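Here the structure is laid out as structure tokens; the discussion comes afterwards.
Quick caveat, the model's predicted, so the values are computed rather than measured. Scope of the values below: all heavy atoms of this structure, side chains included, with no hydrogens, waters or symmetry mates.
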Amino acid sequence: MTLNHSNFELLSNETAITLAKKLGLVKTDATLKCREIGDGNLNYVFHITDTATKKGIIIKQAVPYAKVLGESWPLTLKRAAIEANALIHFKSYCPEFVPQVYYSDEQLAITIMEDLSHLKIARTGLIDGDQFPLLSKHIGEYVAKTAFYTSDLHLEPSAKKEVARNFTNPELCKITEVFVFTDPFFEELPGEYEVELTDAAKSIWNDQEVILEVAKLKQSFETEQEALLHGDLHTGSIFASDTETKIIDPEFAFYGPVGFDLGQYTANLLFQAVTRNPAGKEGIFTHLQEFWDTFEETYTSLWNTQNKSPFRQVNGYLSYVLTKFRKDAYGFAGCELIRRTIGLSHVADLNVIEDKETRIAAKTATLKIGAFLIKKREELDVPAVIEALKQHTLPTYSTL
Ligand code: SR1
Ligand code: MG
């Protein structure tokens with residue numbers, strides 16, 4: 001469906017409040033405050049709070065271009081509807097890990113949802129040294145449930161294809177195809193990196209084994225329809241506290257290979273593992289192990305109790321599926337480590353390191369580990385990845 005942009009109007013703090021009142025989502029006689037708090041790459045986010053009760057709501061609005069790239073990169077407003085539908089879909093499988101959607105409007109490209117400001121963005125918290133003891137178990141459970149319940153093992157084949165059709169998301173997939181799987185792997189294509197990283201970047205561009213494996217991973221992203229993915233499951237898409245976890249921002253949702261969600265989360269833990277001192281690294285290794293253990297345990301339990309496939313008890317089938325997810329995931333994780341280092345969209349985990357020598361050493365390490373994961377993905381498990389991480393020590397560490 002083509003949207004008619006003539007009904008689109010960018011909200012302001014004032015019109016956001018007027019809209020919330022009109023929809024009955026806030027009291028009309030309340031004293032309300034609104035702030036635009038969007039710090040992501042694509043959208044605006046309005047946070048409205050009742051100054052007396054301190055209760056709030058969030059209005060997220062897409063604009064017809066990628067905010068970070070400017071109007072030169074037009075982007076469908078339909079992504080707002082995809083995000084709202086994905087939140088509703090994922091919440092039906094994992095109610096505790098997904099925010100409540102109160103209202104959405106496809107023409108205005110808005111989603112109005114639960115205020116999560118009592119939580120912290122997981123990336124920020126991890127950089128600050130927050131432990132988030134349940135975070136990775138929760139994400140493991142979330143990925144297992146969404147991967148299983150949206151797959152052919154649970155949905156009737158025709159129902160699954162209908163869901164997949166509704167989540168056809170070519171423009172957002174194109175961002176991933178370009179920024180994650182293409183540009184970072186060719187010297188002549190757009191990129192952004194510090195000059196001191198040139199040699200390390202060249203060693204990726206000149207490594208034909210890496211480039212061939214990335215071509216295979218990109219093909220898998222483009223062609224496999226295993227399950228409905230979040231599609232951008234980095235630690236900036238997660239709110240967390242010591243007890244609670246909420247996964248937000250599924251505007252990149254589409255039917256793709258399960259390893260992509262697993263790999264993005266894995267890679268974003270690895271940024272932390274690289275930048276921390278040996279003791280801090282151990283905390284991240286625990287997250288990594290808990291994430292993978294919980295994912296595999298939850299997926300296995302769903303397989304054993306709710307799998308509708310006549311092949312479910314065939315010896316070796318579950319193990320084949322889990323092994324495929326794992327191999328794909330480490331490959332995708334490698335691509336994410338590399339694109340966030342020399343591509344166009346960086347991560348604070350690396351960029352907050354003030355000391356230049358340490359920062360360059362950290363970025364050199366993420367490039368090397370990225371290439372290692374891509375090339376060795378068939379042989380890896382969590383202990384092998386931890387061993388590889390331990391070999392990268394920085395000249396000075398954060399205090400974490
Ligand atoms: C142009 S958008 C760059 C990145 O921001 C999003 O969060 C996705 O990760 C995308 O690749
Ligand atoms: Mg996002």
Side-chain angles (χ1 to χ4, degrees), residues 86 89-90 92-94 97 136-168 173 213-231 233 247 253-267 288-336 373-386:
H89 230 79
F90 292 142
S92 73
Y93 299 124
C94 298
F97 302 138
S136 293
K137 292 182 190 165
H138 287 169
I139 301 297
E141 185 181 335
Y142 165 88
V143 179
K145 286 184 172 169
T146 55
F148 180 82
Y149 284 124
T150 64
S151 75
D152 290 286
L153 301 175
H154 183 70
L155 296 176
E156 289 302 321
S158 54
K160 179 220 162 181
K161 288 176 182 65
E162 179 64 14
V163 183
R165 198 176 63 78
N166 289 331
F167 283 98
T168 304
C173 284
E213 294 310 314
V214 172
K216 294 179 194 169
L217 289 159
K218 183 179 180 189
Q219 179 177 314
S220 148
F221 179 87
E222 289 167 332
T223 59
E224 294 182 19
Q225 298 207 322
E226 290 175 340
L228 181 62
L229 307 187
H230 178 284
L233 192 56
I247 292 107
F254 79 112
Y255 260 78
V258 169
F260 189 70
D261 277 355
L262 291 165
Q264 290 231 307
Y265 184 70
T266 297
L288 203 58
Q289 192 69 62
E290 288 176 346
F291 169 61
W292 278 94
D293 286 350
T294 310
F295 169 75
E296 294 199 356
E297 282 160 20
T298 310
Y299 195 88
T300 299
S301 152
L302 293 169
W303 180 289
N304 289 333
T305 55
Q306 299 189 49
N307 189 339
K308 295 177 180 160
S309 165
F311 294 93
R312 65 188 173 278
Q313 284 173 330
V314 172
N315 209 9
Y317 185 23
L318 170 62
S319 154
Y320 162 79
V321 168
L322 290 175
T323 304
K324 177 187 183 299
F325 290 164
R326 193 170 61 237
K327 290 175 184 176
D328 289 352
Y330 286 125
F332 292 131
C335 296
E336 172 75 355
L373 295 184
I374 289 168
K375 290 195 281 192
K376 301 287 178 200
R377 65 185 188 281
E378 306 262 330
E379 306 154 25
L380 296 174
D381 55 12
V382 172
V385 172
I386 290 175

Among Tyr265, Phe325, Tyr330, find the one that has a ring-ring contact (aromatic ring centres under 6.0 Å, His included) with Trp292. Tyr330
Which class fits the ring pair Tyr93 and Tyr149: parallel under 30°, tilted 30 to 60°, perpendicular over 60°? parallel
Taking every heavy atom of Thr294 against every heavy atom of Glu141, the minimum-distance pair comes out as CG2-N, 3.8 Å
Working for side chain to side chain contact (heavy atoms under 4.5 Å, CB included), residues Val314 and Tyr320: CA-CA 11 Å; Val314 172; Tyr320 162 79; over 6 Å; no
Do other residues, nucleotides or ligands put more than 12 heavy atoms under 6.0 Å from Lys375 NZ? yes
Given Phe295, Tyr317, Trp303, the one that forms side chain to side chain contact (heavy atoms under 4.5 Å, CB included) with Leu322: Phe295
If you compare all heavy atoms of Ala144 against all heavy atoms of Thr298, which two are closest, and at what distance to 0.1 Å? CB-CB, 3.6 Å
Euclidean distance, Arg377 CZ relative to Arg326 CZ, rounded to 0.5 Å: 13.5 Å
Which heavy atom of Ser309 sits nearest a heavy atom of Leu153, and at what distance? CB-CD2, 4.0 Å
So which heavy atom on Pro257 is nearest to which on Leu229, and how close? O-CD1, 3.2 Å
Under 6.0 Å between ring centres, would you say that holds for Tyr142 and Phe97? no
First locate atom CZ of Phe148, then atom OH of Tyr299, and finally report the distance between them rounded to the nearest 0.5 Å. 6.5 Å
From NZ (Lys324) to CD (Glu226), nearest 0.5 Å: 3.5 Å
Do Glu297 and Ser301 touch side chain to side chain, with heavy atoms closer than 4.5 Å? no
Evaluation steps, side chain to side chain contact (heavy atoms under 4.5 Å, CB included), between Val163 and Thr150: CA-CA 8 Å; Val163 183; Thr150 64; 6.0 Å; no
Strictly under 6.0 Å, is that where the ring centroids of Phe260 and Phe332 end up? yes
So, for Leu288 and Val385, which heavy atoms are closest and what is the spacing to 0.1 Å? CD2-CG1, 4.3 Å
With rounding to the nearest 0.5 Å, note down the distance linking CG in Asp328 to CG in Asp261. 12.0 Å
Could you grab the distance from atom CG of Leu380 to atom CG of Leu373, nearest 0.5 Å is fine? 6.0 Å
Measuring from Thr266:OG1 to Ile139:CD1, what's the distance to the nearest 0.5 Å? 11.0 Å
Please say whether more than 12 non-hydrogen atoms of neighbouring residues, nucleotides or ligands are located less than 6.0 Å from CD in Gln313. no
When every non-hydrogen atom of Leu233 is compared with those of His230, the smallest separation belongs to N-ND1, 3.4 Å
